[in-house]
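Worksheet: one structure, shown below.
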Amino acid sequence: MGGEAVWRRFQFLNTANNPRADLTAFGDVGYIHYGDIHTTVSAFLDCGDADLPLIAKTKVANIPLVEDGDLRNG
């Protein structure tokens with residue numbers, strides 16, 4: 001009450017919406033299916049140690065990849 005407002009800047013990026021049929025055990029890029037975001041994936045993701053389904057790089061060529069530290073709150 002009476003303090004300064006704190007503004008944070010966010011950049012919203014395009015995301016992929018590939019079907020599960022595109023996922024494989026032998027792809028190029030780790031992929032979190034949009035149906036799994038709130039049900040099976042932890043709130044913390046170690047990009048170097050995550051056991052994720054894979055997808056061919058060509059199927060997500062125009063989508064930015066998640067990098068360590070991208071999704072932070074605080």
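Under the 4.5 Å side-chain criterion, counting only non-hydrogen atoms from C-beta, L54 is not in contact with V29.
Going from atom CG of L23 over to atom NZ of K59 covers 10.0 Å, rounded to the nearest 0.5 Å. To the nearest 0.5 Å, the span separating NE2 on H33 from CD1 on I55 amounts to 9.0 Å.
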>> Using the rule given for side-chain contact (heavy atoms from CB on, under 4.5 Å), can you reason through I32 versus L52, listing the C-alpha separation, both sets of side-chain angles and the distance that settles it, and then say yes or no?
In response: CA-CA 7 Å; I32 301 171; L52 298 173; 3.9 Å; yes
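Partners of N18 by side-chain hydrogen bond (donor to acceptor under 3.5 Å, both in side chains), not counting sequence neighbours, listed by chain and number: D22, Y31.
The shortest heavy-atom contact between V60 and A16 is CG1-CB, 4.2 Å.
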